[in-house]
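Report on one structure; see the data block that follows.
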Number of protein chains: 2
Amino acid sequence: MSLSYAILAALFNQPCSGYDLVKRFNKSVECFWSASHQQIYKALAKLEEEGHVSSEKIEQENRPNKKLYTVTDSGRQDLQQWIGETETEIVPLKSDLLVKLSAGHTVPTETLINALDTYYQQHRDKLKSYQAVSKQYAQVPELSRESQFQYLALRAGIRQQLAWVAWCEEAMGFLGQPVKQPVIKPGAQPAAVRESSRESFRESLRESSSAS
Amino acid sequence: MSLSYAILAALFNQPCSGYDLVKRFNKSVECFWSASHQQIYKALAKLEEEGHVSSEKIEQENRPNKKLYTVTDSGRQDLQQWIGETETEIVPLKSDLLVKLSAGHTVPTETLINALDTYYQQHRDKLKSYQAVSKQYAQVPELSRESQFQYLALRAGIRQQLAWVAWCEEAMGFLGQPVKQPVIKPGAQPAAVRESSRESFRESLRESSSAS
DNA sequence: GCTTATTATGTCTATAGGTGAATATTCCTG
DNA sequence: CAGGAATATTCACCTATAGACATAATAAGC
């Protein structure tokens, strides 16, 4: 359901081809909605069938022809109506790693550390890539209102990754492993990271017990 | 795929009936894997067919009979093997709200504030409920290794919710709305929340631009 | 005796979400 | 001109999930 709207939103901001859309999803939309190219093409076909987008064949000289997709009036209305619906469910978390951890006592600690390390690296990479996009926004002197909204969505993605990175460090501390390298240069990070990275498993237990 | 393993892990920690499993998923497992009762019953049936769990009919006096599910040797091996696999993909984020926001300029700000507020409340509720479970852990003088792992998984859930709550506040600040009430009593919160709540949209932009 | 809630276990169906493989064109390099 | 990379798209299939429906026992209140 939401994939269609994610596509409508992206196309509304900037009409483009399916292929370009895939690239945009991989670059930044991914931080709030991920999808494979097959899914995107399928959803585009359905949206066109429903009349929410229209396509125009563009003849290209140096490369295969492409279809330029544009949101129709009906598509825009549908999108706006959906945004207005308050039938809002928050994202249910689904993490392989946490499932593994919840049965962690059944396997050697080393196994868990390996899994954790893989995750840690991936989250750090994602964070880095989102922060790179964030930097691009920051370099524009005056962001359009449109861009500001997109930046705000990106901020959520960054906060999610920060939370994961901080948790990985906490988990590594618990599993008795030193953190291999500092997250990112100090000073370039919002205070939240440094604070939360410092927080240990033990400390958090004590805090919970003192909470009212 | 992972639902089966989430069930195996839960049953391995504590054998129970399908009904109880549903309740456990709603209570705390949900913070790392969510599933409906239909999915759980279906997955249980499949696991039994495959021989990974066995069921025993329990006659009950005061209520309908139930089936007590236990993980078999084959199930335990399967679970342990899966935990060892390093084919680990981090959770792709999928958020309706962020999709809505990315096209936020197409609707009145009030619409967005409404949507945001609904999310804010839900994340705060989730956070509160996870923190309540966390408190239960903290009250046990000496946690078993088993429980420590589960607590660590819960910590990830809490951090996720904290990140969402903090972002909601940042977003509200951007949309020009005052935060209606403080997150939770100060002092009961890890420093990370207070820090990150304070961080504004504008400040974050400046930080991004100064980052190397 | 009737209604409603809770415990307990499922099935069916439609649709959304997701993967793997295949296809075709054009460009660039050796 | 052969082979690979980038562009651009589609098919077939499978799983996941939501929503509705079905069943049946007990317990509590009116």
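A note on names: the letters A, B, ... follow the listed sequences, proteins ahead of strands, and every chain is numbered from 1. As a basis for the values below, the full set of heavy atoms in this structure was taken, side chains included, without hydrogen atoms, waters or symmetry mates.
- What separates NZ of A:K66 from C1' of C:dT23 is a distance of 20 Å, to the nearest Å.
- At a threshold of 4.0 angstrom between heavy atoms, the contacts of B:Y69 are confined to the sugar-phosphate backbone, with no base atom among them.
- Counting heavy-atom neighbours within 6.0 Å of B:E110 CD, excluding the residue itself, gives a total of 12 or less.
- Heavy atoms only, all atoms of each residue included: A:A43 and A:I7 are closest at CB-CD1, 3.6 Å.
- The side chain of A:K23 lies closest to D:dT7 when the candidates are D:dT7, C:dA21, C:dT9.
- OP1 or OP2 of D:dT9 has at least one side-chain nitrogen or oxygen of A:Y41 nearer than 4.0 Å.
- Between the CG atom of A:L44 and the P atom of C:dG17 there is a distance of 14 Å, given to the nearest Å.
- For D:dG19, its base sits under 3.5 Å from the side chain of B:Q38 at one donor and acceptor pair at least.
- Taking atom CD on B:Q39 and atom C1' on D:dG19, their separation rounds to 12 Å, with Å as the unit.
- Atom NZ of B:K57 is separated from atom P of D:dA25 by 11 Å (rounded to the nearest Å).
- Computed from coordinates, the A:L47 CG to C:dA16 P distance equals 11 Å when rounded to whole Å.
- The B:D20 side chain lies nearest to C:dA8 when the options are C:dA8, D:dA16, D:dA8.
- In terms of position on DNA chain D, the residue among B:S36 and B:K46 whose nearest nucleotide sits closer to the 5' end is B:K46.
- Rounded to whole Å, atom P of C:dC27 lies 11 Å from atom CG of A:N65.
- For A:Y19, the listed nucleotide lying nearest its side chain is D:dA6; candidates were D:dA6, C:dG17, C:dG10.
- Between B:F25 atom CZ and D:dT17 atom P the separation is 11 Å, expressed in whole Å.
- Using a 4.0 Å cut-off between a side-chain N of Lys or Arg and a carboxylate O of Asp or Glu, A:D20 and A:K23 qualify as a salt bridge.
- Residue B:L3 is classed as having no contact, given no heavy-atom separation below 4.0 Å to the nucleic acid.
- Nearest to the side chain of A:K42, among C:dG10, D:dT9, D:dC13, sits D:dC13.
- The pair A:E170-B:R159 counts as a salt bridge, with a side-chain nitrogen and a carboxylate oxygen less than 4.0 angstrom apart.
- Closest-nucleotide positions on DNA chain C for A:H37 and A:S2 were compared, and the one nearer the 5' end corresponds to A:S2.
- Among the protein residues, A:S4 comes within range of no part of the nucleic acid, since none of its heavy atoms lies under 4.0 Å from any strand.
- In this structure, the CG atom of A:N26 is 14 Å from the C1' atom of D:dA6, given to the nearest Å.
- Listed by chain and residue number, B:W82 satisfy the ring-ring contact (aromatic ring centres under 6.0 Å, His included) test with B:Y5 (two or more places apart in sequence, or in another chain).
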